[in-house]
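Let me begin by presenting the structure, written as structure tokens, before commenting on it.
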Amino acid sequence: MEAIYKTPKTLIDTPTHYCPGCGHGIVQRLIAEIIDEMDIRGKTIGLAPVGCAVLAYNYLDIDMCEAAHGRPPSVATGIKRVHPEKIVFSYQGDGDLAAIGTAEIIHTANRGENITVIFVNNAVYGMTNGQMAPTTLINQKTLTTPHGRSEKNDGYPLRVCEILSVIDGSRFIARTSITSPKNIIKTKQLLEKGFKTQIQEKGFSLIEILSPCPVYWRMSSVESLKFIDEEMSKTFPLGIFKDWENQN
Amino acid sequence: MTSTEKNKKYLLTGNEACAEAAIQAGCRFYYGYPITPQNEILTHMAIRMPQVGGTFIQVESELAAINMVYGSAAAGARTMTSSSGPGISLKQEGISYLAGSELPCVIVNIQRGGPGLGDISPSQADYFQAVKGGGHGDYHTIVLAPGSVQEAADLVFDAFDLADCYRNPVMILGDAQLGQMMEPVVFNKKCKPNLYKKDWALTGADGRKKNIIKSFYPVKGELEKFNAKLQKKYRQIKAEEVRYEEINIENADIVIVAYGTCARICKEFLKKDQSLNVKVGLIRPITLWPFPADIIQKVSERVQAILTVEMSAGQMVEDVRLSVSGRCPVHFYGRTGGGIPTPKEILKKISEIVSVKVKGTCAT
Ligand SMILES: Cc1ncc(C[n+]2csc(CCOP(=O)(O)OP(=O)(O)O)c2C)c(N)n1
Ligand code: SF4
Ligand SMILES: [Mg+2]
């Protein structure tokens, strides 16, 4: 009999600290599968963010580096410049990437740094118990927007892919979700494309993944997936925003 | 400048000497953001790094610079950044992470006047920030304080070796005067980039167990254990790496403690002015952390008084007082906001100390 579900070699077989229904575990599993399939475990270096995914280095069996909150793109730059032949990716949440680390992500993209960024947008600060994120939707309730995010006081959800796609240095920019097996397969393909972009030395790639945080959305897992499909993806439309293969 | 020859004399600013020495010491990754009075470091690196196959990036902020340094250090390379005042303040979170992840790097800090935007004139008001941590947590950077352009170059070499040896950030603490003045300098120290094996570095886990660079210890008890390890390392550094220069301290009645630019002025004073009927000596700390506490304690047992001279409102003097522990009076003379103590002012202060002594009044 053939095993149809097995743990990827690069994924360490240990319980994670993620809550039930959390998207981080799915995304990290996809990364491990891709590393196995591309056979790049020995030459991949990952950056873990400050956020719920901080312990990603306990789950992925590759060289990994922690970075200060928001700074993974700069740390990744420092590593990639030393080892241009290695595959360097940063894994970041929305607070990390789109609030405190906005300058770093824009300038890393603008330098055309040949790294891959995996951006997990769960519209909330998970690790610090559910405050507003730069990607929190209008009217979405969080600990710090108890009556819902108001554009007047809190501004608007920040669309990172749209911003980065107009930067000359970026090469592959896409947004996806993990709400269904179909979307998970699509996400995996886009992540592969991100790694391929780097391996072929095309430059900066970023894949944004709309991901559930049922705990701080105060929803069931099923409701969370529905929320992404029906609400979140209205503000954050899925798709490919920039692709070096379709540019002349 | 396209290369350097051994034992040849070059006329360089302190800033250029630091930059060139870093290259000679095997540093190939430099990240910086312009701020006066250290801009010549960037300019020099922008020219020289491409010549030696190295990386120079003018970054978007000092935060990016220190975090790129963090990355290159984690990847096993010799790496450096530099800044002054406001820029060094921005780097503090990163320096704390570097210390917490035990990553070697060199940070050149050419002090300017503060607080706030202050000005671009020489200052020593960032002593506390440099030697007491500056960022969060129980950590230390090794802090080296050159007194001349030649010594700046030499200490940059040593800084890279010390950083690699102890897996710890090392800071070169200069000031606008040292950074901008020109002096002859020779680059005759040996480059030893492979002195210490970096088997902890991130290189891709090809055929080995993975390496992790981190400073996060969420499991109860782990962080305390890690801090104990750090403190053990700091004790070893304190025991083995203290450096200072002493002048005429054997028979001195009064000993001045001063570093960097202030120590140069005090040396001038010692050379010129011996019209006093007391003998004056000088201790010049070269390592500010670890601080030369033992020698200061020793002299405090036999001198009439110690005078600390700084371009600050009184920062290093606190470490002098801790070393002295009340064994003799400790006086302070300082200027701030771009004011530089003059030999004349030092003479005046010493005359006051002597008369205070005669009157038997308690020193302040
Ligand atoms: C400089 C700094 N500020 C604040 C924090 C506290 N902090 C830790 S994680 C986090 C937010 C994380 O949110 P996000 O990046 O969206 O990741 P998630 O947990 O949602 O995956 C904050 C504010 C910190 N560690 N460092
Ligand atoms: S708080 Fe949210 S993001 Fe964090 S682990 Fe739980 S579900 Fe995932
Ligand atoms: Mg988040």
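Here the structure is a predicted model, which is why all the values come from computation and not from measurement. Here is the naming used below: chain letters follow the sequence lines, and residue numbers restart at 1 for every chain.
Between chain A and the residues L63(B), D206(B), N67(B), the largest count of heavy-atom pairs under 4.5 Å involves N67(B). Of the listed residues T44(A), I106(A), I87(A), D61(A), the one with more heavy-atom pairs under 4.5 angstrom with chain B than any other is D61(A). Chain A forms the most heavy-atom pairs under 4.5 Å with one residue out of G207(B), S215(B), A65(B), and that residue is S215(B).
Between A201(B) and D63(A) the shortest heavy-atom distance is O-OD2, 3.9 Å.
For a residue to count as touching a neighbouring chain, one of its non-hydrogen atoms must lie under 4.5 Å from one of that chain's; by this rule I45(A) touches chain B with the side chain only. When heavy atoms are compared at a cutoff of 4.5 Å, V88(A) does not approach chain B at all. Using a 4.5 Å cut-off between heavy atoms, K43(A) contacts chain B through its backbone alone, with no side-chain atom that close. Residue contact with chain B, scored on non-hydrogen atoms closer than 4.5 Å, involves the backbone and the side chain of A68(A) alike. Contacts of I100(A) with chain B are absent, with no heavy-atom separation under 4.5 Å from either backbone or side chain.
For the atom pair CD1 (I62(A)) and CD1 (I212(B)), the distance works out to 10.0 Å, reported to the nearest 0.5 Å. The SG atom of C65(A) sits 4.5 Å away from atom OH of Y70(B), with the distance rounded to the nearest 0.5 Å. The distance from atom OG1 of T108(A) to atom CE of M68(B), rounded to the nearest 0.5 Å, is 5.5 Å. Atom-to-atom distance recorded for H83(A):NE2 and L202(B):CG is 7.0 Å, nearest 0.5 angstrom.
Listed for the K214(B) side chain is no donor-acceptor partner under 3.5 Å among the backbone atoms of V54(A).
Within a 6.0 Å sphere centred on CG of N129(A), heavy atoms belonging to other residues, nucleotides or ligands number more than 12.
Side-chain contact check for F216(B) versus L55(A): some heavy-atom pair is nearer than 4.5 Å. At least one side-chain heavy atom of I57(B) sits under 4.5 Å from a side-chain heavy atom of R81(A). You'll find the side chain of E104(A) stays beyond 4.5 Å of the side chain of V59(B), heavy atoms only.
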